[in-house]
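Structure first, then comments.
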Amino acid sequence: MYALGLAARWLHLASSVLLVGAAAMIVMAGRSDRATAQRWERRVLASAWIWALAALASGVVIVGTQTALFEGRAAAAFEPRAIGQMLLETQAGRVWLVRAGILTILAVFLSLHVSVERRADWRAARGEVAMLAVAALLPLAASGHAAAVEPDTARAIASDGLHVLAAGIWVGGLVPLARLLRAAATEEGADARPYAVLAARRFSRTALAMIVLLAATGAGLAIFHVGSVAGLVGTSYGRLLLGKLALLALALAIAALNRSVLLARLGGDGPTVGRPAMRRLSGFVLVEAALALAILVIVAAMNVTPPARHEPPVWPFTFRLSFAALEGRAEEATRALIGSQIGIVGLVALIAGLAMRAWRLPLAAVALASLGAGAGLALPPLAIDAYPTTYLRPSVPYQAGAIVAGAALYQANCAGCHGPRGAGDGPEGRGLPRAPADLRAPHTAQHTAGDLFWWISHGIPGSGMPGFASRLGEEQCWELINYLRALSAGYAARNMGPTVERDRRWLVAPDFTFAVGPTPPRALKDFRGRTVLVVLYALPGSRARMSQLAGREGTLAMLGVEVIAVPIDADPDAIRRLGPDPRVLFPVVTQGAETIVAAYRLFAVAPHVELLVDRQGYVRAITRGSGDAADLDALVARVQQLNAEKIAAEAAPEEHVH
Amino acid sequence: MRAWKAVLLIDLALIVGVGWGYAFWGLREGRLERELSEARAAAASGIERRWVVEGVVRAIFPELGVIVLTHGDIPGYMPAMTMGFRVASPKIQEAVSVGDAVRFTLQGVLPNVAVTTIEKIK
Amino acid sequence: MAGLAALALWPGAALAHAVLVKSVPAQRATLAEPPPRVELWFNERLEPAYSRASVTNEAGAQVDLRDGAVSVEDPRRLSLSLPALVPGRYTVSFRVLSVDGHVVESKLTFTVKERR
């Protein structure tokens with residue numbers, strides 16, 4: 001089924017593209033009264049008719065395979081009801097109906113024998129073929145991956161539409177061009193030679209523009225669908241794209257050769273001057289076309305492969321390059337800097353070489369040598385060990401629940417060596433080849449969550465750290481990593497006090513869910529965009545402070561502050577214990593408090609703790625104890641300071657990996 | 001027939017086809033959406049409505065006849081939040097105290113709704 | 001048969017694509033009150049005709065009210081209603097089709113606690 005679907009997709013794509021190219025090539029070449037040119041035009045139109053039928057036939061197969069896929073059973077491909085539902089009730093089906101309708105009209109029109117003796121008739125008839133072919137091709141964009149891009153759907157569909165259109169004109173035009181050149185290169189075809197030369201020049205100009213358009217839209221689509229180096233080299237979609245680019249580079253090299261060498265030799269009016277070049281050009285154009293059709297095989301496979309952005313990447317190398325590797329290594333940094341300077345010299349030489357014809361070869365040699373030397377010098381210091389899972393994103397979010405679950409796993413599996421508090425001082429860790437790591441140390445950019453995942457699952461050879469893949473499931477590994485993240489963040493947070501540091505966001509507030517009585521649970525994340533004061537309180541010590549917060553709730557609300565009060569003893573009767581006076585109206589957590597308290601204890605331990613979480617979800621100030629915190633004006637000042645900050649357009653903190 | 005005439009005919013047919021398609025899909029979808037929003041608006045106005053919602057008593061203002069409740073989603077009226085509601089009679093408030101988990105009935109013609117019954121749960 | 005096997009073996013054909021971005025109840029949530037409904041939010045628009053979800057209990061019996069459907073207002077949301085559930089562990093299974101023609105099947109679990 002998969003092979004059939006892929007073959008049908010390729011045939012459909014290729015015939016749709018060839019159809020556009022044939023129509024465009026005829027329009028580009030223009031009308032001619034030479035017999036050979038007219039014969040060529042008729043043949044191209046005849047093959048266009050066959051491609052239209054091929055597109056329709058392969059389209060029917062695609063509908064069958066899609067229906068089977070949507071319904072989840074192969075037999076559905078032959079059930080009229082299932083096919084009807086697929087066609088009428090899905091976007092892919094409706095797009096298909098529109099395209100099939102246009103293709104049918106086009107096929108009928110191509111089979112009509114209309115007289116094109118007059119110029120107006122010729123223009124109308126050929127223009128119509130081109131318009132219908134383009135109209136049949138463009139909606140493809142609305143049923144592919146681009147249709148699912150959020151939130152830039154319209155832009156992605158437009159890019160994809162331009163991409164297939166440009167591909168259609170370039171790739172599809174090659175085959176008829178090769179035929180024309182071949183016909184004109186023969187003895188009998190001599191009458192069409194000027195026509196063929198003109199057509200080849202026009203095509204070459206147009207194709208150049210189309211390739212530029214392809215590159216621009218292709219780059220945009222790659223960002224939409226792949227988005228990262230890890231996605232490019234670590235997913236099937238990314239690797240297909242790399243294969244496509246390799247074939248494309250080859251096709252472009254041939255295209256450049258055709259344009260710069262062979263096309264120039266077509267000139268000359270004599271009956272023999274251009275002929276060998278014309279035949280050779282015809283051959284090379286066919287090779288270019290064959291490569292382009294091979295690219296379409298990859299495109300068809302990409303159509304049925306989930307985009308890299310949605311796939312967990314498997315990093316194929318044992319290292320990755322990052323500037324983080326230079327942290328605290330001055331010598332290496334100098335080396336990288338010198339290397340990059342040499343590289344820049346190489347780049348300058350390269351540009352100079354392109355600009356100055358006379359010095360091209362020596363400059364190119366200099367450029368290559370210094371680029372190579374620069375890379376050889378600058379890149380090795382940037383290398384950091386990497387593993388297949390390095391760019392894996394945690395499948396368990398950074399949430400209080402996961403942290404608490406991870407803490408239990410830590411105590412059961414890790415505390416023996418790494419110590420009960422992660423300091424690397426567990427009794428079983430003594431005498432290991434390498435001292436167990438102090439897990440409170442800051443998790444720098446030098447290792448990703450994916451690196452930790454690898455170490456926990458597979459161990460670290462030679463260090464005494466075993467792999468836990470047999471004991472911990474994937475989910476448990478991520479819970480443990482969430483705990484480690486909170487542990488080291490909490491250790492760093494011991495230095496955070498009540499003062500807000502301007503524009504310094506580094507402590508992500510772990511998300512949590514809570515409920516007040518029987519109301520549905522809410523999450524801290526739902527308050528993103530508002531400032532949140534998380535108050536961990538214990539009665540009776542916190543009573544004065546709670547009264548103060550309750551009394552000034554109106555002021556705080558006006559400043560955009562939401563207060564969430566969490567009783568440290570997790571009493572389900574917490575609201576009643578606070579009493580009716582003064583009136584406490586902000587959420588007091590009656591369900592979920594144990595988990596929140598257990599996780600947030602990693603950040604601050606005191607009978608009364610207040611954490612000020614900014615609009616982006618970062619903890620910005622921590623006050624411990626209700627004594628000095630009782631100053632409400634100080635809190636208001638801190639909030640005003642946060643409100644004065646611009647909200648940076650960076651990713652939500654839970655997306656940050658390390 | 002002259003070719004340009006044939007082309008003209010085909011294009012006309014296409015335009016009619018696209019127009020028909022729009023009338024069938026586009027307009028129908030638009031009409032459905034409008035009907036839906038009209039139905040929602042009709043449901044939200046003029047007619048007396050009634051909800052049974054669960055929540056927690058947060059404050060009682062006997063002098064104002066208002067009870068403040070942290071409540072769950074009230075479909076078609078408001079999402080989950082803490083909100084003050086008028087009570088239909090002062091007696092209603094006497095049955096509950098701050099911190100009680102309650103099930104209450106909200107009744108009235110929007111926006112004039114009031115709590116008509118309230119009972120403790122658990 | 002071989003075709004289906006090929007389909008299953010193809011890397012990623014059935015893996016994450018229309019990704020679940022949020023759910024109520026959340027994945028692995030432990031709830032004190034049985035939830036009245038399950039809501040799933042995806043990163044892409046779903047095809048209503050081919051997007052389904054169901055809730056099963058530990059015994060594997062379907063317990064939802066069989067009204068799972070894509071929301072009219074937000075085509076990225078799939079929701080279904082539940083009766084009052086008894087305490088236990090429940091599995092939400094879903095099979096959704098995004099507008100670019102990719103089918104995704106996955107599941108998540110939540111637990112309803114005993115009342116104290």
Side-chain angles (χ1 to χ4, degrees), chain A residues 88-89 91 94 97-98 101-102 104-106 108-109 112-132 135 515-522 526 550 553 557 562-563 571-591, chain B residues 1-18 20-22 24-26 28-29 52-64 66-75 78-84 93 96-104 119-122:
Chain A
L88 294 173
E89 290 183 28
Q91 182 161 327
R94 286 176 215 154
L97 279 180
V98 169
I102 297 171
T104 309
I105 296 172
L106 180 55
V108 171
F109 184 68
L112 295 176
H113 289 282
V114 287
S115 159
V116 289
E117 287 298 309
R118 290 183 231 193
R119 186 170 287 273
D121 288 346
W122 188 91
R123 282 193 180 153
R126 302 301 179 251
E128 182 72 0
V129 173
M131 192 213 56
L132 287 173
V516 182
T519 62
R522 305 181 71 183
D526 299 340
E553 206 206 350
E562 301 271 356
V563 178
D571 182 358
D573 245 2
I575 295 175
R576 189 170 295 133
R577 275 184 57 203
L578 280 171
D581 190 48
R583 299 183 175 98
V584 177
L585 296 183
F586 44 73
V588 175
V589 177
T590 58
Q591 273 162 31
Chain B
M1 190 162 54
R2 290 279 300 272
W4 68 266
K5 286 183 186 161
V7 167
L8 198 67
L9 275 177
I10 293 172
D11 287 350
L12 276 176
L14 260 182
I15 290 167
V16 170
V18 168
W20 182 80
Y22 173 72
F24 193 73
W25 291 115
R28 196 175 70 161
E29 204 147 290
V52 177
V53 193
E54 292 185 347
V56 180
V57 179
R58 303 305 304 277
I60 298 170
F61 295 80
E63 65 282 10
L64 295 176
V66 165
I67 184 166
V68 180
L69 296 154
T70 297
H71 60 79
D73 189 35
I74 307 178
M78 63 172 66
M81 60 170 75
T82 300
M83 181 80 191
Q93 286 160 305
V96 292
S97 55
V98 168
D100 287 347
V102 292
R103 182 176 294 117
F104 62 99
E119 53 164 352
K120 277 197 232 183
I121 49 179
K122 278 193 272 188

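All chains are named by letter (A, B, ...) in the order of the sequence lines, taking the proteins before the strands, and each is independently numbered beginning at 1.
In this structure, the portion of I105(A) lying under 4.5 Å from any heavy atom of chain B is its side chain and not its backbone. Interface remark: R577(A) contributes no atoms to any contact with chain B (heavy atom separation under 4.5 Å). With a 4.5 angstrom heavy-atom cutoff, V588(A) touches chain B via backbone and side-chain atoms both. The contact between L88(A) and chain B is made by backbone and side chain atoms together, counting heavy-atom distances below 4.5 Å. Looking at R123(A), neither its backbone nor its side chain comes within 4.5 Å of chain B, counting heavy atoms on both sides.
Of the listed residues A13(B), G17(B), G55(B), the one with more heavy-atom pairs under 4.5 angstrom with chain A than any other is G55(B). Residue with the most contacts toward chain B among E128(A), M131(A), R94(A), E117(A): E128(A) (heavy-atom pairs, distance under 4.5 Å). Your options are T70(B), T82(B), V102(B), and the one with the most heavy-atom pairs under 4.5 Å with chain A is T70(B). Interface remark: of the candidates V57(B), I121(B), D100(B), D100(B) forms the most heavy-atom pairs closer than 4.5 Å to chain A. Each of A124(A), G517(A), P518(A), A125(A) has some count of heavy-atom pairs under 4.5 Å with chain B, and the biggest count is that of P518(A).
Residues I575(A) and V516(A) meet the side-chain proximity criterion, which asks for heavy atoms closer than 4.5 Å. The side-chain heavy atoms of R583(A) and V68(B), taken from C-beta on, include no pair separated by under 4.5 Å. The closest side-chain heavy-atom distance from L14(B) to L132(A) is below 4.5 Å.
Y22(B) pairs by the side-chain contact (heavy atoms from CB on, under 4.5 Å) definition with L27(B), not counting sequence neighbours. For the side-chain contact (heavy atoms from CB on, under 4.5 Å) test, residues two or more places apart in sequence or in another chain that qualify with R522(A) are F514(A), D526(A), F527(A).
Few gaps surround CD on E63(B); more than 12 heavy atoms of other groups in view lie less than 6.0 Å from it. The local environment of CH2 in W4(B) is sparse, with at most 12 non-hydrogen atoms from other residues, nucleotides or ligands closer than 6.0 Å.
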